[in-house]
Amino acid sequence: MTTSPPSASDSSGPAARSFDLLHPVVQRWIWRQGWNELRDIQDDAVPLLIAPGPDVLVMAATAAGKTEAAFLPILSAAAFARDGAGPPGGFEAMYIGPLKALINDQFRRLDGLCEMAGVPVVRWHGDVDAGRKQAARRHPEGLLLITPESLEALFIRGGLDIPRLFNGLRHVVIDELHAFIGTERGMHLQSLLTRLEAALNRRVPRVGLSATIGDAGLAADCLRPGDGAGVARLTSTADGREIRLQVRTYRDATEETAPDAEALIADHLFKTLRGRHNLVFAGARQTVESYADKLRVLSERLGVPEEFFPHHGSLARGLREQVEARLRDGSLPTTAICTTTLELGIDIGDVESVAQIGPPRSIAGLRQRLGRSGRRAGKPAILRIYTAGPDAGEKTPLVDRLQLPTIQAIAAVRLLLQGWCEPPGPAALHLSTLTHQVLALIAERGGIRPQAAHRLLCVEGPFRKVAAGTFAALLRRLGHPSVRLIEQAPTAELMLGERGERLVSHYSFYAVFQTPEEYRVVTGRKTLGQLPLDRPVAPEMMIIFAGRRWIVAEVRAAERVLEVVPAPGGRPPAFNGGEAGPMHDRLAREMFTVLSGNDIPAFLDAGARDALLAGREIFTRYDVARCSMLPGDKGMILLPWLGSIRRNTLLLALDAEGIRGTGDGVALDLRADPGDVLKALCRIADAPPPDPLILAQRIGNKIQNKFDHLLDDDLLAVDAAAARLETTALPGIARNLVQALSGSPGGGAARHPD
DNA sequence: GACCTGCTGCGGTCTG
């Protein structure tokens with residue numbers, strides 16, 4: 001902010017002053033757009049970004065002008081530099097985006113402005129041809145738009161060239177920052193930024209562009225690990241949209257001939273969404289295909305043009321782009337049925353409403369999805385959540401009669417309305433990504449001493465939860481004769497071994513995530529997309545893919561090709577999709593609150609209201625609030641109302657006590673006599689919290705991330721214990737359950753058993 | 001415990 005007070009004659013508000021700070025060519029560009037004034041976040045961002053200053057977090061809904069908030073001042077500064085002594089050597093600003101498609105969108109958006117400002121703009125990702133990249137490397141200048149993986153490639157292929165390329169860098173802009181929070185890729189990005197600043201030997205101001213999330217502190221910490229408090233936060237106040245929400249529950253019919261819940265939901269989607277632009281989030285690819293098929297059949301039956309199309313990561317790029325283009329173009333009514341592919345900010349224009357199939361597990365994801373609709377001024381954001389409710393008859397298992405899918409949807413909406421959002425797993429070490437960064441750092445520098453690597457990655461960089469001893473064990477492992485990726489020179493410097501060189505020099509190394517092997521699905525000469533190799537397929541089988549039915553004609557295993565021909569009709573295979581992934585404790589607790597309350601939310605349809613009342617009836621009749629259990633088929637259902645991490649920790653602790661069972665959502669299905677469960681819980685309650693490293697031995701599938709296979713059992717156990725277990729609360733949780741199960745006096749009031 | 005994201009340098013073939 002300016003230090004001199006405005007003069008007495010200056011009657012203009014702050015908006016005019018921000019505008020005045022911009023370079024005249026940028027001002028001219030703004031006039032040409034026909035803008036009367038800057039948006040609030042743009043206005044706030046200009047004085048902070050017109051010269052290198054603090055880190056800045058810009059939080060606003062999609063289409064609120066975040067990109068311009070960052071680039072109007074940043075490109076003004078670049079234009080001013082050209083008025084003076086000329087641009088400094090190297091790129092002046094770097095934009096990092098998570099998707100190639102997003103980089104292409106932003107390139108189109110910024111191209112005109114950059115051209116007017118006389119600032120070159122360079123796209124750099126895997127689809128950009130090598131010639132352009134080489135030219136940019138020879139004469140680095142202006143604005144660089146790049147992916148994290150391509151930036152890693154720059155470091156590994158020419159680490160010593162980094163200071164020359166980024167000598168004049170004034171800002172780093174990170175788009176869709178919220179998508180990086182708490183993920184392997186987010187750790188990678190943070191590590192790259194640390195390495196960049198280390199190579200330049202100075203701090204470079206960071207600008208984070210993020211969707212509105214409940215806790216801005218999370219995004220700030222992600223932008224500048226260790227100093228989130230020092231990040232200037234700009235939040236758009238112009239986001240007062242009307243929100244219309246509904247939870248709708250459909251019941252599977254009891255008679256064989258009647259339609260099932262999925263058919264009823266498809267009917268409602270067809271009737272409600274037809275003729276407009278909508279997104280339907282269906283959770284799993286197979287569910288997407290199943291609904292796309294049902295809606296296509298409904299269109300054909302009525303003899304109307306198709307307007308419902310599938311969109312997911314296994315579909316060929318061309319098919320996906322056709323759907324995106326239809327949505328963006330806007331002239332033909334279009335509904336995309338998708339997984340998470342259309343959650344991020346690829347430009348798809350205005351969407352009238354959003355539907356969610358099945359109860360959401362992630363509130364952050366739900367908020368992101370809701371933000372896709374109602375972006376035009378004066379239009380509400382519309383979200384419908386569809387759940388299937390089992391029959392409430394006496395033959396249905398008790399736990400199903402609690403109507404947990406509907407309860408979960410209601411709880412999720414309540415948390416959404418409260419503005420809550422999941423924080424990242426606080427304890428995870430991310431050893432796979434740390435392994436990647438150790439190898440990448442050695443490649444970048446040619447060699448580095450262990451202490452320097454530790455300081456850069458685990459003290460200054462993002463791997464701060466990794467103890468010095470664990471880091472040393474990781475290095476020993478990478479140098480072990482059976483692994484031999486790194487070796488140590490007599491000067492103590494770490495170097496890449498021959499195998500390490502080979503691993504790092506292959507292009508598949510740059511990303512910190514891996515993709516499973518897949519079949520290519522082909523019909524005639526057209527590629528429809530990919531299917532995972534582990535999916536059982538055989539000739540004559542029927543599959544649904546790209547919204548249509550096919551018969552597998554040939555499986556060419558050696559070529560990884562699946563040849564299919566159109567199927568005339570018949571009954572498609574049944575899918576059981578639904579949203580998976582971790583559930584936070586808070587959502588599980590909110591489900592308890594919903595069941596033990598009396599109020600009927602206004603956002604329920606008749607089916608959801610019936611399901612809520614039916615669930616509460618069982619909840620009350622069996623006194624679940626007090627005793628935390630229901631009788632099960634083969635033993636008992638334990639309801640501790642915990643999120644995935646604590647629930648799984650309890651399950652493993654019970655397993656260690658000889659009680660076998662499985663977890664299903666918030667419920668533990670235990671194959672044991674209630675008396676034995678009580679005894680086991682007593683032992684857990686009376687003992688100190690178990691050693692997470694010992695409990696982690698019971699986790700079967702510890703290899704999950706790209707470089708986990710390089711680690712030994714001990715390191716895998718340390719990693720799994722940190723990320724997937726939480727043992728400190730275990731005795732207390734067990735104690736409450738013991739009290740509940742043994743029917744303690746005075747425990748009749750409904751309260752969460754925490 | 002589902003889904004999504006990313007990629008270099010070089011040699012071969014085709015087109016104008």
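Within every chain, numbering begins at 1; the chains are lettered A, B, ... in the order of the sequence lines, protein sequences first and strands thereafter. Hydrogens, waters and symmetry mates are skipped; everything else that's a heavy atom, side chains included, is used.
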Tell me which nucleotide among [options] gets nearest to the side chain of [X].
X: A/K133; options: B/dT8, B/dC4, B/dG1; result: B/dT8
X: A/P582; options: B/dC4, B/dA2, B/dC7; result: B/dA2
X: A/R157; options: B/dG9, B/dC4, B/dG6; result: B/dG9
X: A/T341; options: B/dA2, B/dT8, B/dT5; result: B/dT5

For the residue pair [Y] / [X], report whether a side-chain donor-acceptor contact shorter than 3.5 Å exists.
X: A/Q106; Y: A/T67; result: yes
X: A/T433; Y: A/E184; result: yes
X: A/T662; Y: A/D669; result: no

* To do: Verify whether the ring centers belonging to A/F180 and A/H188 lie closer than 6.0 Å.
  => no

* To do: Please find out if less than 6.0 Å separates the ring center of A/F509 from that of A/F707.
  => yes

How many whole angstroms separate atom [atom1] of [X] from atom [atom2] of [N]?
X: A/Q134; N: B/dG9; atom1: CD; atom2: C1'; value: 10 Å
X: A/I146; N: B/dC7; atom1: CD1; atom2: C1'; value: 12 Å
X: A/R185; N: B/dC7; atom1: CZ; atom2: P; value: 8 Å
X: A/R361; N: B/dA2; atom1: CZ; atom2: C1'; value: 10 Å
X: A/I96; N: B/dG6; atom1: CD1; atom2: P; value: 14 Å
X: A/Q704; N: B/dC3; atom1: CD; atom2: P; value: 15 Å
X: A/D129; N: B/dT8; atom1: CG; atom2: C1'; value: 13 Å
X: A/E324; N: B/dC4; atom1: CD; atom2: P; value: 13 Å

Ignoring backbone atoms, establish whether [X] has a side-chain N or O less than 4.0 Å from OP1 or OP2 of [N].
X: A/R285; N: B/dC3; result: yes
X: A/T147; N: B/dC7; result: yes
X: A/K100; N: B/dC7; result: yes
X: A/S150; N: B/dC7; result: yes

* May A/F513 be described as stacking on the base of B/dT5, applying a 5.5 Å centroid limit and a 30° limit on plane angle? ->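 Yes, A/F513 stacks on the base of B/dT5.
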
Under 4.0 Å, heavy atoms only, any strand: does [X] hit a base, just the sugar-phosphate, or nothing?
X: A/R724; answer: base
X: A/S508; answer: base
X: A/R320; answer: sugar-phosphate
X: A/H506; answer: nothing

* To do: Identify, between A/P98 and A/V128, the residue whose nearest nucleotide on DNA chain B lies closer to the 5' end.
  =>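 So the residue in question is A/P98.
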
* Asked: Between CD of A/E726 and CZ of A/R646, what distance do you get to the nearest 0.5 Å?
  -> 4.5 Å

